[in-house]
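Just the heavy atoms: all of them, side chains too, but no hydrogens, waters or symmetry mates, feed the values below. Starting from 1, each residue takes its place in the sequence as its number.
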Amino acid sequence: APAQVVSDYREAVQILRAGRVAEAAAALRSHGPEWLPGTLRQVYAAIQTRDPRFQPLDIQAAMLLHLEVFRARGVPPLERARHLDTVWNLELVSGRVPKDFHRQCRLLVVLTLQEELMVDDLVHQLGQALQLFPGDPELLLAKGSLWELLAELDDVASHRFPATEAIREIATRTLSLAGSLPTAAVMVDSPKVYEQCARVYERALRGAPQLHEARARLGRVLAWAGKPEEAVHALEPLVADDKTVPARVRYFALLFHGRALLVLGRANEAAASYRSAEALSPGCQTPRVALSTALRAAGDLSGARSVMMDVLSGAASNVCPQDPWWDYLLGQAWGADQLAATL
């Protein structure tokens with residue numbers, strides 16, 4: 001009966017509102033995928049008639065409930081896509097969802113797809129988000145991160161992505177294939193892409209100067225674009241011992257600062273940056289291998305050898321559980337769980 005299916009749906013929403021997120025997602029899925037379409041028709045009708053059982057916060061909770069199913073491991077792709085469509089349908093049908101909540105839901109989807117390296121879906125969803133919120137600094141940061149990822153992929157030149165705002169500036173041509181949505185062929189000319197990345201990060205920083213990760217990434221892409229002096233200048237605010245800069249971001253900034261200095265022939269200063277990065281993530285190999293390179297460039301061959309022998313020794317002190325650099329190309333995925341918890 002319509003009243004019963006809406007009641008069952010609301011029960012799952014209320015479980016989520018009580019903070020039992022995994023239990024709520026399981027309750028929603030327990031009815032089986034064939035239960036959902038008919039139920040949602042009743043839910044949409046209730047929302048449109050301003051049913052008092054669906055207040056604005058209930059609708060936001062329902063959106064989060066479907067987002068949690070989308071984010072859950074092991075959900076079949078078709079079911080995931082259906083739940084994601086439901087998130088946006090709830091927002092559209094309601095017309096009462098705060099704009100920033102909608103924006104953050106879009107961002108959460110982007111971060112989830114970054115984590116999974118679902119590049120085609122990421123291009124599509126980020127493109128939709130950018131159409132809705134074109135100047136949003138966090139979405140621009142994700143856009144630059146996507147371009148950095150594409151510049152690193154070996155097979156990107158042979159790949160066709162959904163033609164969206166996410167890659168429009170770096171797509172060489174847009175193709176309209178019979179019976180399908182347009183796709184974009186992307187030929188990545190790395191130096192040029194890095195220059196374009198820099199412009200995206202600069203735009204993000206104009207909108208949100210406190211977006212430290214955009215500044216760190218700006219330093220990296222400037223160096224890769226052949227502008228090490230500009231990279232050093234961009235990174236200076238982050239490499240100081242500033243407690244307002246997250247340790248993860250400062251770690252990246254110090255690595256990129258060291259590389260730019262090394263390109264400029266300032267090997268001793270580069271070594272100092274790498275030592276500071278190592279102090280932030282003790283035991284991680286990335287800054288130590290870089291430090292050995294800088295010492296060798298500075299003429300300190302014994303120091304370079306000593307660092308590398310220590311790295312190769314296999315001592316417990318040389319093991320870090322998670323080097324932030326390993327996840328760099330996953331963009332801002334590291335913040336997905338915190339964003340979901342905040343929402």
Side-chain angles (χ1 to χ4, degrees), residues 144-145 147-154 188-195 197-198 201 212-242 245-331 334:
S145 300
W147 291 1
E148 286 190 74
L149 171 64
L150 293 176
E152 299 288 337
L153 293 179
D154 293 333
V188 175
D189 178 352
S190 292
K192 188 177 296 183
V193 167
Y194 289 132
E195 289 180 7
C197 282
Y201 292 140
H212 298 304
E213 185 173 346
R215 186 171 299 281
R217 287 177 173 269
L218 173 61
R220 177 180 187 261
V221 298
L222 284 170
W224 279 102
K227 301 176 180 179
E229 299 94 341
E230 293 183 33
V232 169
H233 178 72
L235 292 165
E236 289 294 351
L238 301 181
V239 299
D241 190 11
D242 186 344
V245 179
R248 173 191 183 87
V249 173
R250 186 162 179 262
Y251 176 74
F252 288 151
L254 287 163
L255 290 178
F256 306 152
H257 190 245
R259 185 182 185 280
L261 289 169
L262 198 55
V263 170
L264 291 169
R266 295 157 63 179
N268 287 322
E269 294 173 76
S273 282
Y274 291 139
R275 285 194 173 97
S276 295
E278 180 188 354
L280 284 174
S281 293
C284 289
Q285 291 184 4
T286 304
R288 303 176 80 184
V289 172
L291 173 60
S292 178
T293 301
L295 291 173
R296 188 168 69 250
D300 184 359
L301 301 185
S302 63
R305 182 178 187 279
S306 176
V307 170
M308 284 309 301
M309 291 303 293
D310 190 39
V311 169
L312 294 169
S313 70
S317 61
N318 293 331
V319 178
C320 65
Q322 183 68 29
D323 187 335
W325 174 246
W326 298 341
D327 295 333
Y328 180 81
L329 289 177
L330 301 184
W334 58 273

For this session: Identify, with sequence neighbours excluded, every residue that meets side chain to side chain donor-acceptor pair (under 3.5 Å) alongside R266.
Result: E269
Problem set entry | Pairing residues for P191 by the side-chain contact (heavy atoms from CB on, under 4.5 Å) criterion, not counting sequence neighbours | D189
Exercise. Partners of R217 by salt bridge (charged side-chain N to carboxylate O under 4.0 Å, His left out), sequence neighbours excluded?
Worked result: E148, E213
Problem set entry | Those residues that, when tested against W334, pass ring-ring contact (aromatic ring centres under 6.0 Å, His included) (two or more places apart) | none
Exercise. Do any N or O atoms from the side chain of S292 and from the backbone of R288 form a donor-acceptor pair under 3.5 angstrom?
Worked result: no
For this session: Check side-chain contact (heavy atoms from CB on, under 4.5 Å) between N268 and all other residues, then give those that pass, not counting sequence neighbours.
Result: A298
Seminar exercise, completed: For R275, the salt bridge (charged side-chain N to carboxylate O under 4.0 Å, His left out) test, sequence neighbours excluded, returns none
Exercise. Partners of T293 by side-chain contact (heavy atoms from CB on, under 4.5 Å), sequence neighbours excluded?
Worked result: L262, R296
Seminar exercise, completed: Nearest heavy-atom approach of P287 to A277 is CB-CB, 3.9 Å
Seminar exercise, completed: Taking every heavy atom of A231 against every heavy atom of G219, the minimum-distance pair comes out as CB-O, 3.3 Å
For this session: Would you name the heavy atoms of W325 and F256 that are closest together and state the gap between them?
Result: CZ3-CE2, 3.8 Å
Seminar exercise, completed: Sorted by chain and residue number, the side-chain contact (heavy atoms from CB on, under 4.5 Å) partners of A234 (sequence neighbours excluded) come out as L218, L222
For this session: Scan for side chain to side chain donor-acceptor pair (under 3.5 Å) pairs involving residues 227-238, sequence neighbours excluded, and state none if there are none.
Result: E236-H257
For this session: Please name all residues satisfying side chain to side chain donor-acceptor pair (under 3.5 Å) with T286, sequence neighbours left out, ordered by chain then number.
Result: D323
For this session: For residues A216 and F252, report the shortest heavy-atom separation together with the two atoms involved.
Result: CB-CB, 4.5 Å
For this session: Evaluate the side chain to side chain contact (heavy atoms under 4.5 Å, CB included) criterion for residues V193 and L150: first the C-alpha distance (whole Å), next the side-chain angles of each, then the deciding distance (0.1 Å), finally the verdict.
Result: CA-CA 9 Å; V193 167; L150 293 176; over 6 Å; no
For this session: Write down the atom of G144, the atom of Y201, and the distance for their closest heavy-atom approach.
Result: C-OH, 2.9 Å
For this session: Please name the pair of heavy atoms, one in D300 and one in G303, separated by the smallest distance, quoted to 0.1 Å.
Result: OD1-N, 2.8 Å
Exercise. Is the closest side-chain heavy-atom distance between C284 and Y251 below 4.5 Å?
Worked result: yes
Exercise. Between S313 (side chain) and D310 (backbone), is there a donor-acceptor pair under 3.5 Å?
Worked result: yes
Exercise. Run the side chain to side chain contact (heavy atoms under 4.5 Å, CB included) check on E278 and V307 step by step: do they pass?
Worked result: CA-CA 12 Å; E278 180 188 354; V307 170; over 6 Å; no
For this session: Mark yes or no for whether Y274, through its side chain, and R259, through its backbone, hold a donor-acceptor pair below 3.5 Å.
Result: yes
Exercise. Counting N and O atoms only, with roles assigned by atom type, does the side chain of R215 sit under 3.5 Å from a partner on the main chain of L235, one being a donor and the other an acceptor?
Worked result: no
Exercise. Could you give the distance from OG (S306) to CG (L301), rounded to the nearest 0.5 Å?
Worked result: 12.5 Å
